[in-house]
Amino acid sequence: MFSCCCQSSSDRKKDVDRVGTVSALKDDQVEEVVQDSPKTIKEEPRALPESPKTLEPEPTPPTTQAPQPQAPPAPTKAPAHGLFEVTIERTPVTGKLGIDVARSELGLRITAINAGDIHEFNVKNPNFALQAADMIVGINGVRGTGNDLLAAIRDTNPLLFVIERP
């Protein structure tokens with residue numbers, strides 16, 4: 001019981017029960033005795049918690065790799081309008097490209113196709129045949145004026161042309 005600090009000490013003694021000590025009677029039983037009280041509380045022995053079981057790790061689902069982005073398929077035909085690339089192999093047999101060009105600030109405008117490596121390319125690759133009016137706007141990564149592109153052509157093999165078709 002509890003007592004209040006405002007109660008007299010004799011009143012406090014009435015409300016206080018003394019609690020005895022806890023002692024072990026047997027290994028499997030514990031008895032608690034409260035003085036001035038006829039109650040005896042017996043506790044049944046408690047079972048120890050089971051030791052934790054070793055759990056097998058859950059199998060991880062097989063990882064699937066994200067599909068790798070693939071390059072779009074190579075075009076099978078030059079576009080009617082726009083940019084496309086062609087690779088011209090220079091051969092010692094003809095010794096020349098075989099095109100007439102007009103220089104401009106945008107590149108080299110093809111004015112005529114003659115006998116030479118480009119004519120041979122056109123025969124072997126009719127879907128990508130170069131035509132009069134096509135503009136060569138890049139050669140082997142070089143872009144610039146007609147003079148810049150003519151300098152890139154000299155003594156270079158193969159030639160990667162970037163063509164703009166009007």
Side-chain angles (χ1 to χ4, degrees), residues 2 19 21-32 41-166:
F2 299 99
V19 177
T21 59
V22 175
S23 62
L25 300 176
K26 292 182 184 176
D27 287 342
D28 60 343
Q29 288 186 333
V30 175
E31 183 176 273
E32 181 179 337
I41 301 173
K42 290 186 180 180
E43 272 189 29
E44 292 297 320
R46 295 182 191 157
L48 293 175
E50 291 184 27
S51 61
K53 295 180 182 177
T54 305
L55 297 177
E56 294 291 324
E58 290 187 28
T60 56
T63 57
T64 56
Q65 294 182 353
Q68 297 295 324
Q70 295 180 356
T76 57
K77 188 173 181 181
H81 303 286
L83 294 174
F84 64 100
E85 295 179 342
V86 296
T87 301
I88 306 295
E89 293 286 337
R90 299 180 91 169
T91 62
V93 175
T94 60
K96 57 184 177 177
L97 285 176
I99 55 173
D100 293 335
V101 295
R103 298 176 198 175
S104 77
E105 291 299 311
L106 302 175
L108 298 170
R109 171 98 37 218
I110 298 174
T111 57
I113 306 285
N114 305 314
D117 295 329
I118 293 186
H119 176 73
E120 293 300 316
F121 172 83
N122 286 350
V123 170
K124 293 177 184 173
N125 302 284
N127 289 339
F128 290 94
L130 300 182
Q131 312 168 6
D134 283 349
M135 175 76 80
I136 303 170
V137 295
I139 299 174
N140 292 351
V142 175
R143 288 187 175 242
T145 66
N147 289 334
D148 297 332
L149 297 178
L150 283 174
I153 289 176
R154 289 182 176 56
D155 301 322
T156 306
N157 194 31
L159 297 168
L160 176 65
F161 285 175
V162 178
I163 305 294
E164 182 176 5
R165 183 158 287 164

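Note that the structure is a prediction, hence the values are computed from the model and not measured.
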Of all pairs that satisfy side chain to side chain donor-acceptor pair (under 3.5 Å), the ones with a partner from residues 141-154, not counting sequence neighbours
Arg103-Asn147, Thr145-Asp148
Would you please test Ile163 and Ile136 for side chain to side chain contact (heavy atoms under 4.5 Å, CB included) and show each step?
CA-CA 5 Å; Ile163 305 294; Ile136 303 170; 3.7 Å; yes
Closest heavy-atom pair, Met135 versus Ser104, reported as atoms and distance to 0.1 Å, is CE-OG, 3.8 Å
Output for pair (Glu120 CD, Asn125 CG), nearest 0.5 Å, gives 11.0 Å
Which residues share a side chain to side chain contact (heavy atoms under 4.5 Å, CB included) with Ala115, sequence neighbours left out:
none
What residues, two or more places apart in sequence or in another chain, satisfy side chain to side chain contact (heavy atoms under 4.5 Å, CB included) together with Arg90?
Leu97, Asp117, Ile153, Asn157, Leu159
Enumerate the side chain to side chain donor-acceptor pair (under 3.5 Å) contacts for residues 131-141, please, sequence neighbours excluded, ordered by first and then second residue.
Asp134-Arg165
Quick one: pull up CG in Leu130 and CD1 in Ile99 and give me the separation to the nearest 0.5 Å.
7.5 Å
Which heavy-atom pair separates Arg109 from Pro166 by the least distance, and what is that distance?
NH1-CG, 4.1 Å
Output all residues satisfying side-chain hydrogen bond (donor to acceptor under 3.5 Å, both in side chains) with Asn122, sequence neighbours left out; order by chain, then residue number.
none
Can you name the closest pair of heavy atoms from Val101 and Thr111 and give their distance?
N-OG1, 3.8 Å
Tell me, please, which residues at least two apart from Pro158 pass side chain to side chain contact (heavy atoms under 4.5 Å, CB included).
Thr87, Glu89
